[in-house]
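Quick notes on the structure that follows.
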Amino acid sequence: MSKTVIDLVAGARPNFMKLAPVERAFQTSGSLATRIVHTGQHYDTQLSDVFFTELGIPRPDICLEVGSGTHGAQTARILERYEAHLLENRTAAVVVFGDVNSTVACALAAVKLGIPVIHVEAGLRSFDRTMPEEINRLLTDALSDLLLVSEPSGVANLLREGIPESRIHLVGNVMIDTLKAELDRSRDSDVLSRNGLESGEYALVTLHRPSNVDDPAILGPLLHAIAHISHRLPVLFPVHPRTRASIQKSGLDQFFSCSPTLHVVDPLPYRDNLAAMASASMVITDSGGIQEETSILRVPCLTMRANTERPVTVEMGTSRLLGSDPLAMKEAAETVLDGKWKTGTDIPLWDGQAAERVAACVLKWISDRNPGNPR
Ligand code: UD1
């Protein structure tokens, strides 16, 4: 009998490190065949291809090549192209990851065709509906049949929203599986020497959220604060294309050359970024994933957001929320340099084994649905 086939969907950078261990866990179990779908939401080599190569993800079976666009246009293109694909190529279930536009678009395409949806990283809520990702999370979870959750807040959120407990499973954080698998290999990275940096003596900065980078009145003061910090401590700043475009559009380009100890570089491949995080004295970021990774690496995380959908990183990890406040950023950097930042504790189920739990849950769920035809 031929194996049951399921689709694994990825579209943007943060999806790839979540898909990698899950794909591997299914391969190891040998019970299911997987088909990798790349929507093409991210298409630059630095935001996409390098992750497939570095993380050993097989080439996608299907590329939808949707590219960039407004939220409506991009989501609609993914929906239309993925639906067309599903109509020709049925699948037993669709696994979607995280909260990007590709996640919600593919979930919607599948569910309208009666194909069950499995959401990895379900239940996270920032309670801030101005974030595009929050809308994607709410909708994806409402459409999903099986909700696999990374931290306890996610379970509480889903129960409060009326999702039956039987469909919710706390499995841990699959992105941390990738971090743990790659940490040793990342020590071979030359990212520090390439940028003239010493371990433990620099800050790593990443900013890409629309709420921080789209409005020059918010972005300008944040860049000033980063430049200010670079006079205290060298700064490595891999710039997301969205942020670079916004800096250029708002005439803030002088930032790129304002300080000899500010190293502005292109987005980093996975292992370089991991090495740069692991050896930093602090990370200044608005990324959700980096809040999680720095918590596991026990590196102080200055989170330039007013809220987080990942409260465990604040409660147990190393993240503190600073809003989009440049003064708070500068003061927090001083707190780290004074050695007064919290060190964090272990986070339950962020142990490098989450993908195995995802695979086990999915296999059991499929066999429970088809008792006469297990797998
Ligand atoms: C997306 C996700 C965000 C995630 C982030 C990680 C949504 C709503 N947002 O945001 O949750 O944290 O990815 O990077 O899904 N661009 C390129 N090359 C690319 C892709 C994009 O230059 O390969 C530029 C384009 O100008 C594009 C802009 O970046 O318009 C934004 O890309 P988009 O995919 O819309 O959102 P991100 O800001 O990357």
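First listed ligand is number 1; within each ligand, the first listed atom is number 1. Along the sequence shown, residues are numbered consecutively beginning with 1.
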How does V100 reach ligand 1, by side chain, by backbone, by both or by neither, if only non-hydrogen atoms under 4.0 Å count?
-> both
How close does the nearest protein non-hydrogen atom get to [atom], and which residue and atom is it?
atom                    : result
atom 16 (N) of ligand 1 : Y43 OH, 3.7 Å
atom 8 (C) of ligand 1  : N101 OD1, 3.3 Å
atom 18 (N) of ligand 1 : D44 OD2, 3.0 Å

[X]/[Y] ion pair, N-O < 4.0 Å:
X    : Y    : answer
E151 : R310 : no
R305 : E309 : yes
R271 : D188 : no
R167 : D141 : no

For P241, the ligand 1 atoms with a heavy-atom partner under 4.0 Å come out as 17 (C), 22 (O), 24 (C)
Considering the heavy atoms of H208, write down every atom of ligand 1 situated less than 4.0 Å from one of them.
-> 4 (C), 5 (C), 6 (C), 12 (O)
Would you check if the distance from the ring center of F255 to the ring center of H224 is below 6.0 Å?
-> no
As a check for students: among [options], identify the option with a heavy atom nearest to [atom].
atom                    : options              : answer
atom 39 (O) of ligand 1 : R242, H42, H71, E134 : H42
atom 25 (C) of ligand 1 : S68, G67, A245, S102 : S68
atom 33 (P) of ligand 1 : E133, Q41, M131      : Q41

Check the side chains of S68 and Q74 for a donor-acceptor pair under 3.5 angstrom, ignoring hydrogens and angles.
-> no
Show the numbers, then the answer: is there a salt bridge (Lys or Arg N to Asp or Glu O under 4.0 Å) between R125 and D99?
-> CA-CA 10 Å; R125 297 289 180 267; D99 56 15; over 6 Å; no
